[in-house]
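Down below is the structure, laid out as structure tokens.
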Amino acid sequence: TDGRTDGRTDGRTDGRTEIRWYPMGEIGEFYGGLSGKSKEDFSGGNAFFASYMSIFSNLALVYDKLPKVKIAPNEKQKSIRYGDILFTGSSETPDECGMSCVVTTHYDEPVYLNSFSFGFRLYDMSILLPEFAKFLFRSKYIRQQIKLTASGVTRFNVSKKKMEKVVIPIPSLETQHAIVAILDRFDALTSDLTQGLPAEIAARQQQYAYYRDHLLTFREKSA
């Protein structure tokens with residue numbers, strides 16, 4: 001088996017821990033970013049927004065580095081919130097489409113999403129830790145599925161309809177916490193590499209990617 005249950009949510013196990021598999025469309029909904037904005041709105045803004053690069057370059061959204069956009073007092077725009085999973089909508093190659101970034105902070109003011117990206121919001125926040133999701137959606141298995149949702153010629157665009165069919169594994173919260181504890185340490189170690197030979201840095205990053213994908217590859221237990 002390839003680890004999928006084709007949408008079954010009957011809690012079959014992978015031999016290590018109980019895993020439930022869900023198509024994304026069953027456990028949440030997708031939403032779009034800012035609409036009706038001109039180039040001038042992104043100069044001298046009064047509200048933070050998650051830019052394309054803010055999502056592409058980070059596992060978790062970095063609040064204090066976000067750019068700003070002009071938002072009128074009564075303007076109707078959807079804001080992001082804690083636990084949302086943000087995705088880039090397009091790229092020049094399928095490999096870079098649908099890159100994810102998770103909102104792991106509670107904000108005291110509205111934060112918006114750029115129009116070239118889209119968000120995903122769970123119906124039940126209690127099933128998936130944001131800190132776990134930031135690793136899960138960058139794992140090899142999920143990335144392989146997301147890349148298949150993109151189509152194009154010179155520029156590739158992600159289909160939200162196809163994204164609804166992407167199947168994700170959700171282990172117990174205990175297992176999620178345990179995996180996060182391990183991967184956060186690896187992530188901190190690779191992020192703090194400011195010195196050393198390029199080969200050494202590349203080797204450490206490769207080691208991190210290996211452990212991330214190993215920990216986040218779940219298999220359905222054979223009957």
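Keep in mind that what you see is a predicted model, and the values were worked out from it rather than measured. For this chain, numbers begin at 1 and follow the sequence in order.
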Distance col, row Ser117:OG vs Met53:CE, nearest 0.5 angstrom, shows 10.5 Å

Open item on the list: Please report whether the ring centroid of Tyr63 lies less than 6.0 Å from that of Tyr107.
Closed with: yes

The reported gap from CG in Leu129 to OG1 in Thr104 (rounded to nearest 0.5 angstrom) is 11.5 Å

The reported gap from CG in Leu136 to CG in Leu128 (rounded to nearest 0.5 angstrom) is 6.5 Å

By ring pair (Phe, Tyr, Trp, His ring centres under 6.0 Å), Phe116 pairs with (sequence neighbours left out) none

Do Leu34 and Ile71 come close enough that some side-chain heavy atom pair is under 4.5 Å?
yes

Worked check of side chain to side chain contact (heavy atoms under 4.5 Å, CB included) between Phe132 and Leu183 | CA-CA 9 Å; Phe132 177 76; Leu183 293 181; over 6 Å; no

Taking every heavy atom of Val158 against every heavy atom of Met163, the minimum-distance pair comes out as CG1-CG, 3.5 Å

- request: Indicate yes or no: at least one non-hydrogen side-chain atom of Met99 is less than 4.5 angstrom from one of Arg143.
  value: yes

#### Entry: Any side-chain donor near an acceptor of the partner, Glu40 and Ser38, under 3.5 Å
yes

Rounded to the nearest 0.5 Å, the CE atom of Met24 sits from the NZ atom of Lys165 at a distance of 14.5 Å

Q. When the aromatic ring centroids of Phe42 and Phe49 are compared, is their separation below 6.0 Å?
A. yes

Open item on the list: Would Asp184 and Lys134 count as a salt bridge (Lys or Arg N to Asp or Glu O under 4.0 Å) here? Give the steps.
Closed with: CA-CA 10 Å; Asp184 268 344; Lys134 74 181 183 184; 3.1 Å; yes

Minimum side-chain heavy-atom gap Pro169-Tyr22 below 4.5 Å = no

- prompt: Got a salt bridge between Glu29 and Lys160, using NZ or NE/NH1/NH2 to carboxylate O under 4.0 Å?
  reply: no

* Compare all side-chain heavy atoms of Val62 with those of Lys65 and state whether any distance is below 4.5 angstrom. => yes

Taking Asn114 for its side chain and Ala50 for its backbone only, find out whether a donor-acceptor pair lies under 3.5 Å.
yes

Take Glu75 and Lys37, measure what salt bridge (Lys or Arg N to Asp or Glu O under 4.0 Å) needs, and give me the verdict at the end. CA-CA 11 Å; Glu75 188 172 340; Lys37 291 297 175 185; 2.7 Å; yes

For Val103 and Pro130 the tightest heavy-atom approach is O-CB, 3.9 Å

Phe135 and Glu131 have their tightest heavy-atom pair at CD1-O, 3.3 Å

- Does a sphere of radius 6.0 Å around CG in Asp64 hold more than 12 heavy atoms from other residues, nucleotides or ligands, not counting ones at 6.0 Å or beyond? yes

*asked:* I'd like to know if Glu164 and Lys162 make a salt bridge, using a cut-off of under 4.0 Å between side-chain N and carboxylate O.
replied: no

Output for pair (Leu113 CG, Leu61 CG), nearest 0.5 Å, gives 9.0 Å

Salt bridge (Lys or Arg N to Asp or Glu O under 4.0 Å) pairs touching residues 81-97, sequence neighbours excluded, are Asp84-Arg121, Asp95-Lys147

Within the 6.0 Å centroid threshold, strictly below: Tyr112 and Phe48: no

Please lay out, stage by stage, how Met125 and Tyr82 fare under the test side chain to side chain contact (heavy atoms under 4.5 Å, CB included). CA-CA 9 Å; Met125 272 287 299; Tyr82 176 77; 3.7 Å; yes

Pair Phe87 and Phe137, ring centroids less than 6.0 Å apart
yes

In terms of heavy-atom contacts, Gly83 and Val102 come closest through O-CG1, 4.5 Å

Checklist entry - Hey, quick one: are Ile55 and Ile80 part of the same hydrophobic cluster, counting side-chain heavy atoms closer than 4.5 Å, chains of contacts allowed? => result yes

The test is side chain to side chain contact (heavy atoms under 4.5 Å, CB included); show your working for Ser90 and Arg155 and say whether it passes. CA-CA 7 Å; Ser90 64; Arg155 191 162 188 87; 3.3 Å; yes

4.5 Å side-chain heavy-atom contact, Val111 and Ser79: no

* Ser91 and Phe156, any side-chain heavy atoms less than 4.5 Å apart -> no

When you group the ILVMFWY residues by side-chain heavy-atom contacts below 4.5 Å and let the links chain together, are Ile27 and Ile146 in the same group? yes

- Item | Shared hydrophobic cluster for Ile19 and Val166 (ILVMFWY, side-chain gaps under 4.5 Å) | yes

Quick check on the hydrophobic clustering: are Leu173 and Ile127 connected, directly or via other members, by side-chain heavy-atom contacts under 4.5 Å? yes

Glu109 atom CD: more than 12 heavy-atom contacts under 6.0 Å: yes

The reported gap from OG in Ser35 to NZ in Lys78 (rounded to nearest 0.5 angstrom) is 12.0 Å

message = Do Leu66 and Ser54 make a side-chain contact, defined as non-hydrogen atoms from C-beta onward lying under 4.5 Å apart?
response = yes

Are Ile142 and Ile85 grouped together when hydrophobic residues (ILVMFWY) are joined by side-chain heavy atoms under 4.5 angstrom apart? yes

Does Trp21 reach the side chain of Ile168, with side-chain heavy atoms less than 4.5 Å apart? no

